[in-house]
Structures are given as structure tokens and as C-alpha cells.
Amino acid sequence: MIDEAVLREGLKKLLAATEADIRARVEEEPALKQRLEARHKAAAEAGRTAPGAWLAFRDEAVTQAAAHWLLASVFVRFLEDNDLVDEVRISGPKADGRDRLNEALDRRSIWYQQNPHGNDADYLLDVFARIAE
């Protein structure tokens, strides 16, 4: 049984951490920042945001992106926990004699062996693509 209060509090903490990571990435990657600035400029020209409101625009985009990452991850966990997919890739509780957490960690290790320059975001993107199939 899911404890909704515990889940909600955990997701709030994850949202804040994910926002911080995405915000840092925007500032570290010039191409990403330029694309977001171009979106801001287009929104300002269309009257959908104030021209000088770059930081507010960026922060809203960051919050939306972080929420998308978390919701996608929760959806994958739901599918895994309810045996709606064959392979566990994020994690899960022991079920039917299966140690789902170690299965997920093993798959993640194999993915990193095959993708030595990848990172956790790349891994999750791959998980999302596999789920979409």
C-alpha cells in the first residue's frame, strides 16, 4: 500500500533536487541555454511573457521539465510494480520471489558497460524509450 503523504514529501524533495540539477545544466551548456533564451524571446515577442522576465521564464521551464522527469519515472515504477512490463529498469520491491531492486541495478550496470559515456539522465531516457516501445 502506498503511503501518499510519504510519497508526496519524497517527490517534493526530488522535485527540488531535480530542478537544481536542470537549472545548473542550463547554465553549464551554452547550446541549451541559447535554445531556452530563444523560446523566451519568442514568447516575449508573442506577448506571452514579459521581455525582461528571463529568470522567471527559465525557472518555470525548469520546474516543468523536472516535473516531467519525475512523472515519467513514477509512471515507469507503476508499470514495473504492477507487472505491466517484463523487465524492471528503475527498481521495485521484492515480489513473487524476485529481487526487483537488484534486477534493476544489474540492468543499469549493463547499460553503463554498453554506454560508458552515458549518465543517469541518458539511462532514464533509454528507459523511457524502451517503455514507449
Side-chain angles (χ1 to χ4, degrees):
M1 182 76 123
I2 294 174
D3 184 332
E4 292 178 27
V6 172
L7 176 63
R8 186 172 37 260
E9 289 307 310
L11 287 173
K12 283 181 183 178
K13 289 177 185 175
L14 279 172
L15 180 64
T18 304
E19 285 175 318
D21 289 346
I22 293 172
R23 193 174 295 106
R25 185 167 177 219
V26 166
E27 295 304 317
E28 293 167 1
E29 292 188 28
L32 182 59
K33 186 174 183 180
Q34 288 170 354
R35 286 195 309 269
L36 191 56
E37 286 172 335
R39 285 181 46 202
H40 173 253
K41 181 180 177 187
E45 289 172 355
R48 293 190 317 266
T49 191
W54 157 248
L55 290 179
F57 183 88
R58 181 207 61 193
D59 288 346
E60 185 173 324
V62 164
T63 296
Q64 288 179 11
H68 291 160
W69 279 99
L70 293 180
L71 288 172
S73 298
V74 167
F75 180 65
V76 171
R77 275 297 306 273
F78 174 83
L79 295 174
E80 291 177 353
D81 291 351
N82 289 284
D83 291 323
L84 298 171
V85 292
D86 294 329
E87 296 180 339
V88 196
R89 297 191 178 273
I90 295 181
S91 76
K94 289 185 178 184
D96 301 325
R98 294 172 56 192
D99 185 350
R100 297 160 62 90
L101 175 58
N102 281 327
E103 284 181 41
L105 291 173
D106 289 346
R107 283 196 180 84
R108 184 173 176 264
S109 294
I110 291 167
W111 185 88
Y112 272 106
Q113 290 170 4
Q114 297 169 344
N115 302 277
H117 300 291
N119 58 38
D120 287 340
D122 296 327
Y123 177 73
L124 283 175
L125 287 171
D126 186 64
V127 168
F128 301 152
R130 290 174 185 272
I131 291 295
E133 291 173 358

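Starting from 1, each residue takes its place in the sequence as its number. Values in this document were obtained by computation on a predicted structure and should not be read as measured data.
- The structure places CZ of Arg23 at 9.5 Å from CG of Leu55, a figure rounded to the nearest 0.5 Å.
- The shortest side-chain heavy-atom distance between Arg107 and Glu87 falls under the 4.5 Å cut-off.
- Here the closest non-hydrogen pair linking Leu15 and Ala67 is CD1-N, 3.8 Å.
- Residues Val127 and Arg130 fail the side-chain proximity criterion, which asks for heavy atoms closer than 4.5 Å.
- Side chains of Arg100 and Asp81 form a contact here, defined as non-hydrogen atoms less than 4.5 Å apart.
- Cluster annotation: Ile131 and Leu84 are assigned to the same hydrophobic cluster (Ile/Leu/Val/Met/Phe/Trp/Tyr, side-chain heavy-atom contacts under 4.5 Å, transitive).
- With Tyr123 contributing its side chain and Ile90 its backbone, the two residues share no donor-acceptor pair below 3.5 Å.
- Under the 4.5 Å side-chain heavy-atom criterion for ILVMFWY residues, no single connected hydrophobic cluster contains both Leu7 and Leu71.
- Checked by atom type, the side-chain pair Tyr112/Asp120 shows a donor-acceptor distance below 3.5 Å.
- Asn102 places no side-chain N or O within 3.5 Å of a backbone atom of Asp99 that could act as its donor or acceptor partner.
- Under the 4.0 Å criterion applied to side-chain N and carboxylate O atoms, Arg8 and Asp3 are not assigned as salt-bridge partners.
- In this structure, the separation between CD on Glu133 and CZ on Phe128 is 14.0 Å, given to the nearest 0.5 Å.
- Looking at Glu9 and Lys12, a side-chain N of the basic residue comes within less than 4.0 Å of a carboxylate O on the acidic one, giving a salt bridge.
- Glu103 CD to Leu101 CG: the interatomic distance, rounded to the nearest 0.5 Å, is 9.5 Å.
- In this structure, Asn115 contributes its side chain and Gly118 its backbone to no donor-acceptor pair below 3.5 Å.
- By the 4.5 Å heavy-atom criterion applied to side chains, Val76 and Val85 are not counted as neighbours.
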Legend entry - side-chain contact (heavy atoms from CB on, under 4.5 Å) assessment of Arg89 paired with Trp111: CA-CA 10 Å; Arg89 297 191 178 273; Trp111 185 88; over 6 Å; no
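- A donor-acceptor pair under 3.5 Å links the side-chain atoms of His40 to the main chain of Ala50, judged by distance alone.
- Interatomic distance, CG of Leu32 versus CD of Glu37, reported as 10.0 Å (0.5 Å rounding).
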Legend entry - Trace of the side-chain contact (heavy atoms from CB on, under 4.5 Å) decision for Ser91 with Arg77: CA-CA 7 Å; Ser91 76; Arg77 275 297 306 273; 3.4 Å; yes
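- Using a 4.5 Å cut-off on side-chain heavy atoms (C-beta onward), Lys33 and Leu36 make no contact.
- Remark: Arg58 engages Glu27 in a salt bridge, criterion side-chain N to carboxylate O under 4.0 Å.
- In this structure, Ile110 and Gln114 have side chains that are in contact, with non-hydrogen atoms separated by less than 4.5 Å.
- One finds the CG atom of Leu14 at 11.0 Å from the CD atom of Glu19 (value rounded to the nearest 0.5 Å).
- Of all heavy-atom pairs spanning Ala44 and Pro51, the tightest one is CB-CA, 3.7 Å.
- Here the straight-line distance linking atom CG of Leu70 with atom OG1 of Thr18 works out to 4.5 Å at 0.5 Å rounding.
- Of all the heavy atoms in Trp69 and Ala121, the pair that sits closest is CH2-O, 3.7 Å.
- In this structure, the side chains of Asn82 and Phe78 come closer than 4.5 Å at one or more pairs of heavy atoms.
- In this structure, Thr49 and Trp54 have side chains that are not in contact, with every pair of non-hydrogen atoms separated by 4.5 Å or more.
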